[in-house]
Amino acid sequence: MKYKYNPSCKELHSSLKFRSREYLLENTLHGVPYFVDSTRPKWERLIWFLLTFASLLAIIVIIIIILDKFQTEPTITGLDIITENVNIEFPQIFVCFDWFHLNHSDIPEGEIYIYEKLYNWIFEKRIDVKSFPLTYKNKNNFRKTFEAMGPDCDLLISDCVYKGRNISCNALFVKVHTAVGICCKSKYLEPLKILDHLRSFEFRMFSSSYPLRVYYTQQNVTSPSPGERALVKAHFPIDIEFIVHITYTTPDIRYLSLRQRKCYTKQDINFVNFNDCEMKYLIDKIFKYCKCLPWFLSFDGKTECPLSKYSCFNNVKIDITQCNCWLSCDHTSYSVTQIQNSSKNTNRVMLRKWPIAIYKREVRFGYLDLLVSFGGIAGLFLGYSLFVFIEIGYYFTLRTYCGAVIQSSREQYNIMTVHVVEKIPQKADTNQKYYLYID
């Protein structure tokens, strides 16, 4: 018999209907073959249907609960007491100047008050632009002016010593403008190790009649946040002692989404530290509303506002909690434990003690656990397994197609199937016994 291997859509549809019923009767799921079997009593089929439906409903509810847990709490943070191989990044230090530290010699005496108000201005205050000369209302190069007015770092800081080794202060500190004014920012210092005998950074400051402000941040942070309170505002020399809180993550956390892990990994394309992320959000909001920025936020070349537009900043409503910023998955935070006057003629920032424990963040519920949970629940209530999925694919693809091919070929050659309804016993009594009949 020659088969027809290109059945029509009607033949495929007819085969699909037959295979669907055939699958329901022959599948291995608990309860399903019983309530689709038309030979069983209706009350029995109804009971099996209700039991199967209740099992399916229980599976859906439990899977939703497990999936929500996987999306919201897939990680766990614990303690790790192995700290001998840990390297501790030294904090980045900002030494910032108040108005009195700046050089005012190039500013006309009658206009110094304008620069002073602008340098000390914060968002909560309002500037009375009407009291300024008309020529200053459209002036927008204050950032460069303040940078030129700030003292050079090598004229202010000297005799830098890190871990007992002399280093060049000129190469270490650089003058920058930040969201809290003109500052001297320290560059990257090599991490501290447990074998380091000295874990401090020392430097000498030239005497000043006015106190300086000191901030500290993680490495590679552009600036402290606007309006952030200084770590200390004091005359030098002083001693600052700090401790560290280190959090690291296991490598498998990178397979989770950002919403699940709630932190950035170094592999993320949009990776940025938390401080700079908040700063970018603030800058974008202000620039979108006012089309320009105040002098202390004009980091990325965007237009600096003239004085006439500073009143716009007071009308910008910014909720920094909506910035959608996350910490780095591997991050270090610092806590100052003590600030006191130094017994030496030098300033010292030191690690008080080596941490005895650090925080370890790891995946407690990953994709493999999710698969096992789903399979276990489905198997418990309905007997579902991967073979059921293979059965479904087999019945509704290959078996449906082959059934349509065979059926169309039988109709073409008018082949009929005869079903045997009663079988003849294999061992029939063929030895008939005849008895002589006597009348």
Side-chain angles (χ1 to χ4, degrees), residues 1-72 74 255-257 260 364-426:
M1 181 177 66
K2 185 177 181 181
Y3 287 100
K4 178 185 176 183
Y5 291 103
N6 54 341
S8 64
C9 293
K10 182 179 180 181
E11 292 167 339
L12 286 171
H13 182 262
S14 177
S15 178
L16 180 62
K17 289 176 61 178
F18 182 80
R19 301 307 160 194
S20 300
R21 179 171 178 78
E22 184 183 28
Y23 171 74
L24 292 175
L25 286 170
E26 297 181 0
N27 74 87
T28 57
L29 294 176
H30 300 335
V32 176
Y34 299 128
F35 72 77
V36 297
D37 187 0
S38 59
T39 63
R40 294 178 178 273
K42 291 183 178 180
W43 63 267
E44 182 181 344
R45 294 174 64 188
L46 178 62
I47 292 175
W48 281 113
F49 174 78
L50 294 176
L51 290 174
T52 306
F53 181 78
S55 298
L56 182 61
L57 187 63
I59 291 173
I60 294 174
V61 172
I62 295 175
I63 283 180
I64 291 175
I65 295 174
I66 294 175
L67 192 59
D68 179 70
K69 182 180 179 181
F70 174 70
Q71 292 293 337
T72 57
Y255 297 113
L256 300 177
S257 66
Q260 290 174 296
R364 69 170 177 179
F365 199 80
Y367 286 100
L368 182 59
D369 303 290
L370 188 68
L371 178 63
V372 171
S373 299
F374 285 179
I377 294 302
L380 176 66
F381 285 93
L382 278 182
Y384 183 88
S385 67
L386 291 179
F387 281 102
V388 174
F389 184 77
I390 296 174
E391 283 180 352
I392 294 174
Y394 165 68
Y395 268 89
F396 294 100
T397 55
L398 180 62
R399 193 172 178 86
T400 297
Y401 171 74
C402 292
V405 169
I406 294 173
Q407 185 63 28
S408 62
S409 301
R410 288 185 174 188
E411 291 175 357
Q412 181 181 359
Y413 291 99
N414 197 22
I415 298 175
M416 299 179 64
T417 302
V418 178
H419 298 278
V420 178
V421 297
E422 184 178 354
K423 293 183 179 180
I424 299 176
Q426 293 182 357

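Note that the structure is a prediction, hence the values are computed from the model and not measured.
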Nearest heavy-atom contact between E11 and A404 is O-CB, 3.8 Å
Between Y367 and Q260, which heavy-atom pair has the shortest distance, and what is it? OH-OE1, 3.9 Å
Where is the tightest heavy-atom contact between S55 and L382, given as atom of each residue plus distance? CB-CD2, 4.1 Å
Say you draw a straight line from OH of Y34 to CD1 of I47; how long is it, rounded to the nearest 0.5 Å? 14.0 Å
For V32 and F35, run side-chain contact (heavy atoms from CB on, under 4.5 Å): C-alpha distance rounded to whole Å, both residues' side-chain angles, the deciding distance at 0.1 Å, then the answer. CA-CA 6 Å; V32 176; F35 72 77; 4.2 Å; yes
Has the side chain of S14 got a donor or acceptor atom that lies under 3.5 Å from a matching backbone atom of K10? no
When you measure from the side chain of D37 to the backbone N and O of P33, does any donor-acceptor pair fall under 3.5 Å? no
With Y394, which residues qualify under side chain to side chain donor-acceptor pair (under 3.5 Å), at least two apart? R399
Are L56 and F381 packed together at the side-chain level, in the sense that at least one heavy-atom pair is separated by less than 4.5 angstrom? no
Please round to the nearest 0.5 Å and tell me the distance separating atom CZ of F70 and atom OG1 of T72. 10.5 Å
Find the distance between CG (L50) and CG (L46) and round it off to the nearest 0.5 Å. 4.5 Å
If I take atom CG from residue L16 and atom CZ from residue F396, how far apart are they, to the nearest 0.5 angstrom? 6.5 Å
Pairing residues for Q71 by the side chain to side chain donor-acceptor pair (under 3.5 Å) criterion, not counting sequence neighbours: R259
Derivation of the side-chain contact (heavy atoms from CB on, under 4.5 Å) call for I66 and L370: CA-CA 8 Å; I66 294 175; L370 188 68; 3.9 Å; yes
Taking D68 for its side chain and I65 for its backbone only, find out whether a donor-acceptor pair lies under 3.5 Å. no
Whether the side chain of T400 engages the backbone of S15 through a donor-acceptor N/O pair (distance < 3.5 Å, no angle test) should be reported. no
Mind checking whether F389 and Y384 have ring centres under 6.0 Å apart? no
CZ-CG distance between F49 and L51, expressed to the nearest 0.5 angstrom: 11.0 Å
Under the criterion side-chain contact (heavy atoms from CB on, under 4.5 Å), I'd like the reasoning laid out for R19 against C402: C-alpha separation, chi angles, the key distance, then a yes or no. CA-CA 11 Å; R19 301 307 160 194; C402 292; over 6 Å; no
How many angstroms lie between atom CG of N6 and atom CG of L12, to the nearest 0.5 angstrom? 10.0 Å
Any side-chain hydrogen bond (donor to acceptor under 3.5 Å, both in side chains) involving residues 43-53? Give me the pairs, sequence neighbours left out, ordered by first then second residue. R40-E44
